[in-house]
Amino acid sequence: MKIEDKLTESILNGIKTLYNQEVPAKMVQLQKTKKEFEGHLTLVVFPFLKMSKKGPEQTAQEIGEYLKQNEPAIANYNVIKGFLNLTIASDVWIELLNRIHADNQWGIQKADDNAPLVMIEYSSPNTNKPLHLGHVRNNLLGSALANIMAANGNKVVKTNIVNDRGIHICKSMLAWLKYGNGETPESSGKKGDHLIGDYYVAFDKHYKAEVKELMAQYQAEGMNEEEAKAKAEANSPLMLEAREMLRKWEANDPEVRALWKKMNDWVYAGFDETYKMMGVSFDKIYYESQTYLEGKEKVMEGLEKGLFYRKEDGSVWADLTPEGLDHKLLLRGDGTSVYMTQDIGTAKLRFQDYPINKMIYVVGNEQNYHFQVLSILLDKLGFEWGKDLVHFSYGMVELPEGKMKSREGTVVDADDLMEAMIETAKETSNELGKLDGLTQKEADDIARIVGLGALKYFILKVDARKNMTFNPKESIDFNGNTGPFIQYTYARIQSILRKATEAGLSIPTVIPSGIELSTKEEGLIQMLADFTNVVKQAGTDYNPSILANYAYDLVKEYNQFYHDFSILREENEALKIFRLALSQNVGKVVKLAMGLLGIEVPERM
């Protein structure tokens, strides 16, 4: 039984004894005592003043006295105005630590057969370029959210929708045909996604040059700049070829399809490497080339039922003005689909494939309107889950230098970023002597764990809804609210436990009670016990940053304890064993919390 539940029961008995009143449990408001006051839990007594017919201080005094006499868990109390601060007895804390100690998966709830199924979509890359910094935030958020939802007792399906068709894909294909000279990942030594990304940039470079040339020609013929630009963009031979290629792709032209498959396969091989390094994975991948036809079919169905309307140019639209929105394009005049059509088709297939109870889309906040519309359209089309879809909307991530543009090749590439983080971690760890005495393999592994941990933690500690600036140098600091600081504390705990084993000390299955604990030790046990609520809240709020900041607060408290108290040099044997057990469980919970964020912790450092 949780301490709060035990106390609630005693407080209800106290109210009955003192004031002859039966009250519901929800009237008992217990919260953590503020740091500046003595005590562990605070009872708000204002709800009981009508029953006591006394002032807040006297009421608090009476309830406190009753608890001290009748509830063994209460060692002491003090009253501050209408707040009763309760001090929990040491033995109760040790009993709680024993419960945590006995559970290797403390705070983690496993899914049973009746658990709801949550599908989480994240990543959503395009096959015309490698993954970049924005994808890094998306993948880390999606993967962490999937772990957190699973830790809250849900069945989870991690899914990805790959944007593998459309004009942007044709641009890379056309540029490769024109300027590639048959270059392959093997012949160039480049990852497939990087190779294709280079041709996307090449297309843009040649296209801009064409537009510039045509503009000069049209302006010489007397057009103003705006008109000349519009005409040049419409008449660019390169863009016209790309559009023609898209039409051929949609008409299943065998040559275009064969080239498309070959180049996409290069990209997928590249993506797989990036995902592996990042530590993210998927249970099911959908491809827009397969889902867009399903979407078109649903849109045509909606058109027949009068849910949508057709314009003179043949395009199909949804009128969302009754919902306070505007008109939304669903199919272009030439019959080609738009993102919305594809999302409708993908949703249809997913719900055919899985008995989904909740669908979560991890997509940037620039798509807020898109998902508002998707929810309404799915609902109109008769999908009962349309209304309840969740858009996990997150802010943009930038580097201190500013925004990224993929067409101009100024994107912060995910692979380069991870490599740079590992290199920086190696340099920093070497400077601080944290790799001394390790083999090359051990040093490389720690640099990888620390570099990627720094990247992941820095991104995940920020509330996802906020825009953020990722600062690589700041993230690898071994002090402060960073991944390496948490990882180093974990490694320090493992070092203490190894030394204890070498000294012949072992931690018993049950930690003996009867020890007088310090406030710091009691506070640490209270924080460990809180982990269950933290996991729950991170799941309810779809907020991995709650978990990240909890891990930091826990190691910060532990480091203060480590600084102020002896562990291995403690002369009282029972206290020494208790402190080792406390350290072991702090390490366990840190590893669980970081694991849910997809962050590894090193055994030594």
Side-chain angles (χ1 to χ4, degrees), residues 116-121 124 126 157 159-170 234 243-244 246-252 284 286-393:
L117 189 141
V118 179
M119 180 178 271
I120 302 177
E121 173 194 297
S124 315
N126 293 342
V157 174
T159 183
N160 185 356
I161 174 74
V162 178
N163 184 0
D164 63 342
R165 58 170 291 282
I167 191 73
H168 47 297
I169 313 294
C170 291
R243 290 196 193 288
E244 180 55 28
L246 178 61
R247 268 191 288 277
K248 282 183 174 176
W249 184 93
E250 295 225 347
N252 260 324
K284 173 88 176 176
Y286 291 88
Y287 299 90
E288 290 192 356
S289 57
Q290 293 160 5
T291 67
Y292 85 105
L293 291 172
E294 297 282 350
K296 281 170 89 164
E297 201 180 289
K298 288 306 291 180
V299 168
M300 294 313 287
E301 229 176 81
L303 183 66
E304 279 166 35
K305 288 179 181 167
L307 299 171
F308 310 134
Y309 67 94
R310 199 189 278 281
K311 282 192 178 177
E312 280 174 19
D313 64 356
S315 57
V316 177
W317 295 71
D319 177 6
L320 303 177
T321 50
E323 284 82 8
L325 304 174
D326 55 12
H327 294 255
K328 183 72 190 166
L329 173 68
L330 300 178
L331 281 175
R332 295 190 189 94
D334 61 3
T336 55
S337 61
V338 292
Y339 280 129
M340 190 61 73
T341 330
Q342 287 148 202
D343 275 344
I344 291 167
T346 309
K348 180 195 163 192
L349 288 180
R350 283 174 176 160
F351 280 83
Q352 271 176 10
D353 293 346
Y354 296 94
I356 301 169
N357 299 97
K358 190 179 283 294
M359 179 74 218
I360 303 172
Y361 293 87
V362 180
V363 183
N365 57 15
E366 78 279 13
Q367 295 291 336
N368 285 355
Y369 179 75
H370 176 90
F371 283 96
Q372 200 185 345
V373 172
L374 179 63
S375 178
I376 293 167
L377 292 177
L378 289 173
D379 188 46
K380 278 180 185 289
L381 288 165
F383 296 114
E384 59 199 46
W385 33 264
K387 272 200 202 107
D388 300 323
L389 67 82
V390 175
H391 174 206
F392 177 84
S393 170

For this session: Give the intermediate values and the outcome of side chain to side chain contact (heavy atoms under 4.5 Å, CB included) for residues L374 and I344.
Result: CA-CA 7 Å; L374 179 63; I344 291 167; 3.9 Å; yes

For this session: Determine, step by step, whether M300 and L303 satisfy the side chain to side chain contact (heavy atoms under 4.5 Å, CB included) criterion, reporting the C-alpha distance in whole Å, the side-chain angles of both residues, the deciding distance to 0.1 Å, and the verdict.
Result: CA-CA 5 Å; M300 294 313 287; L303 183 66; 3.9 Å; yes

Exercise. Can you list the steps and then say if N368 with H391 is a side chain to side chain contact (heavy atoms under 4.5 Å, CB included)?
Worked result: CA-CA 8 Å; N368 285 355; H391 174 206; 3.0 Å; yes

For this session: Given side chain to side chain contact (heavy atoms under 4.5 Å, CB included), test Y287 with R165 step by step and report yes or no.
Result: CA-CA 9 Å; Y287 299 90; R165 58 170 291 282; over 6 Å; no

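Atom CZ of R310 sits about 11.5 Å away from atom CG of L330, to the nearest 0.5 Å. To the nearest 0.5 Å, atoms OG1 (T159) and CE (M359) are separated by 6.5 Å. Rounding to the nearest 0.5 Å gives a distance of 9.5 Å between CH2 of W249 and CD1 of I169. From E288, atom CD reaches atom CD1 of I161 across 4.5 Å, with rounding to the nearest 0.5 Å. Atom CD of residue E297 and atom OG1 of residue T341 lie 13.0 Å apart, to the nearest 0.5 angstrom. To the nearest 0.5 angstrom, Q367 atom CD is 8.5 Å from Y339 atom OH.
Side-chain contact between L377 and L307 is absent, with no heavy atoms from C-beta onward closer than 4.5 Å. Side-chain contact between V157 and R350: absent, with no pair of heavy atoms (C-beta onward) separated by less than 4.5 Å. Side-chain contact between E121 and V363 is present, with at least one heavy-atom pair separated by less than 4.5 Å.
Under the ring-ring contact (aromatic ring centres under 6.0 Å, His included) criterion, F392 pairs with no residue at all, not counting sequence neighbours.
The residues E323 and K328 are annotated as not salt-bridged, no charged nitrogen and carboxylate oxygen being separated by less than 4.0 angstrom. Under a 4.0 Å N-O distance rule, the pair E250/R247 does not qualify as a salt bridge.
Scanning all heavy atoms of the two residues, the minimum distance from G386 to S375 falls at O-OG, 2.8 Å. Of all heavy-atom pairs between L117 and P355, the closest is CB-O, 3.7 Å. The minimum heavy-atom distance linking E294 with Q290 is given by the pair CG-O, 4.0 Å. The two residues W317 and L329 make their nearest non-hydrogen contact at CE3-N, 3.3 Å. Taking each heavy atom of I356 and M119 in turn, the nearest pair found is CD1-SD, 3.7 Å. Nearest approach of L381 to K298, heavy atoms of both residues: CD2-O, 3.6 Å.
The ring of F351 has its center no closer than 6.0 angstrom to the ring center of F383.
A side-chain donor-acceptor contact under 3.5 Å links K296 to the backbone of G335. With T346 contributing its side chain and Q342 its backbone, the two residues share a donor-acceptor pair below 3.5 Å.
Taking the six-membered ring where the residue is Trp, H327 and Y309 present perpendicular rings, their angle passing 60° and hence far from 30°.
Dense packing is recorded around NZ of K348, with more than 12 heavy atoms of other residues, nucleotides or ligands lying under 6.0 Å away.
Geometric assessment of K284 against the ring of Y286 yields a positive cation-pi assignment under the 6.0 Å and 45° thresholds.
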